[in-house]
Amino acid sequence: MKKTAIFPGSFDPYTMGHHDIVLRSLNLFDEVIVSIGYNSTKQNRYFDIDLMVSKIQGVYEGESRVKVVVYNELTSTLAKSYNAQFLVRGLRNTTDFEYENTISQMNRYLNEELETVFLITSPQYAAISSTVIREVHRYGGNVSEFLPYPV
């Protein structure tokens, strides 16, 4: 059976840390679907969602096992629509774990066949967060080292 994983997030922006999680996920799964969701707690995106789709697709050009989709529904419902059995989440620290564990439990409640797989962030990317990247970019700082595509 084909092993499909959803990698959900707002990806505002998509960072080298996210890219690292996808590359490592390809060693575990047959297909990884980078799923850009509309986060109800984040009212306004900094980077346009269509721009992010284009940039992420460009990163994986030639890699047929990675797809990029936009969604506006429960992640557990999205997983069902793609017959995905797994969610992949990266963890930088214990704060991430507490947050992600709660979401994982709810996703499992909503879709019993969905297993969340946590990957510990590679050390060189542990300090990178989309929030920090947005702030540095907003004030003219160079963020190119932290993104797998040019901005």
Side-chain angles (χ1 to χ4, degrees), residues 1-93 96-97 99-108 110-111 113-134 136-137 143-151:
M1 181 178 189
K2 181 178 172 183
K3 292 190 288 186
T4 300
I6 300 285
F7 182 36
S10 56
F11 303 119
D12 188 20
Y14 187 82
T15 69
M16 287 299 292
H18 297 130
H19 178 55
D20 179 60
I21 295 295
V22 169
L23 293 178
R24 292 168 49 211
S25 294
L26 288 171
N27 292 322
L28 303 171
F29 306 107
D30 300 312
E31 179 180 49
V32 176
I33 303 171
V34 178
S35 308
I36 306 172
Y38 288 95
N39 187 331
S40 60
T41 64
K42 298 177 184 176
Q43 297 304 318
N44 297 313
R45 291 185 61 89
Y46 180 74
F47 289 98
D48 180 74
I49 202 162
D50 293 329
L51 173 67
M52 272 305 99
V53 169
S54 173
K55 294 290 189 183
I56 298 167
Q57 286 174 333
V59 168
Y60 301 106
E61 189 174 347
E63 176 51 79
S64 62
R65 299 183 307 140
V66 176
K67 291 184 175 55
V68 182
V69 301
V70 175
Y71 73 107
N72 192 13
E73 62 187 316
L74 292 171
T75 303
S76 60
T77 304
L78 175 75
K80 286 179 185 177
S81 70
Y82 282 95
N83 295 316
Q85 310 89 346
F86 304 94
L87 289 181
V88 173
R89 300 300 295 156
L91 299 177
R92 293 171 297 179
N93 51 44
D96 281 355
F97 174 76
Y99 175 75
E100 294 294 343
N101 184 49
T102 302
I103 293 172
S104 170
Q105 298 300 324
M106 182 54 73
N107 280 325
R108 186 66 183 250
L110 296 169
N111 180 349
E113 297 175 15
L114 192 58
E115 190 69 53
T116 300
V117 175
F118 295 124
L119 295 178
I120 304 301
T121 304
S122 295
Q124 67 268 34
Y125 304 122
I128 299 173
S129 78
S130 292
T131 303
V132 171
I133 299 305
R134 283 193 305 271
V136 171
H137 186 267
V143 295
S144 60
E145 183 179 333
F146 307 107
L147 305 174
Y149 49 83
V151 284

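Bear in mind the structure is a predicted one, so any value in this text is a computation, not a measurement.
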Side chains of F29 and V117, heavy atoms from C-beta outward: is any pair under 4.5 Å? yes
With a 4.5 Å heavy-atom cut-off, do K80 and N111 have their side chains touching? yes
Correct closest heavy-atom pair for H18 and T15 would be ND1-N, 2.9 Å
Looking at N101 and F97, would you say the former's side chain and the latter's main chain have a donor-acceptor pair under 3.5 Å? no
Minimum heavy-atom separation for F47 and R134, please, with both atom names. CE1-CG, 4.4 Å
Does atom CD of E113 have more than 12 heavy-atom neighbours from other groups under 6.0 Å away? no
Measure from the side-chain N and O atoms of D30 to the backbone N and O of K3, and report whether any donor-acceptor pair falls under 3.5 Å. yes
Least distance between heavy atoms, S130 atom then P13 atom: OG-O, 2.7 Å
Expected output: side-chain R45 to main-chain F11 donor-acceptor under 3.5 Å: yes
Has Y149 got a side-chain atom pairing as donor or acceptor with Y14's backbone, closer than 3.5 angstrom? yes
Verify, without hydrogens or angle tests, whether S35 (side chain) and I33 (backbone) share a donor-acceptor contact under 3.5 angstrom. yes
Closest contact, heavy atoms only, P8 versus V88: CD-O, 3.7 Å
Any side-chain heavy-atom pair of R108 and T116 under 4.5 Å: no
Under 4.0 Å between a Lys/Arg side-chain N and an Asp/Glu carboxylate O for R65 and E31? no
Side chain to side chain contact (heavy atoms under 4.5 Å, CB included) evaluation trace for V151 with H137: CA-CA 9 Å; V151 284; H137 186 267; 4.2 Å; yes
Looking at CZ of F7 and CG of L87, how far apart are the two atoms once the value is rounded to the nearest 0.5 Å? 11.0 Å
Indicate yes or no for a side-chain donor-acceptor contact from S25 to the backbone of I21 under 3.5 Å, with no hydrogens or angles considered. yes
Stepwise side chain to side chain contact (heavy atoms under 4.5 Å, CB included) check, I56 with I36: CA-CA 10 Å; I56 298 167; I36 306 172; 3.8 Å; yes
Taking R89 for the side chain and L119 for the main chain, is one N or O donor matched with an acceptor at less than 3.5 Å? no
Can you tell me if CZ on F118 sees more than 12 non-hydrogen neighbours from other groups inside 6.0 Å? yes
Shortest non-hydrogen contact from A84 to I6? CB-CG1, 3.5 Å
Residue pair N83 / T4, side-chain heavy-atom distance below 4.5 Å: no
With a 6.0 Å cut-off on ring centres, are Y60 and H19 close enough? yes
For the student: nearest non-hydrogen atoms of L114 and A79, plus distance: CD1-CB, 3.7 Å
Steps toward side chain to side chain contact (heavy atoms under 4.5 Å, CB included) verdict (F86, L28): CA-CA 10 Å; F86 304 94; L28 303 171; over 6 Å; no
Donor-acceptor pair, D12 side chain versus Y46 backbone, under 3.5 Å? yes
Would M106 and S76 satisfy side chain to side chain contact (heavy atoms under 4.5 Å, CB included), going step by step from the backbone distance to the final call? CA-CA 9 Å; M106 182 54 73; S76 60; over 6 Å; no
d(L110 CG, T77 OG1) to nearest 0.5 Å is 7.0 Å
Q124, CD: over 12 other non-hydrogen atoms inside 6.0 angstrom: yes
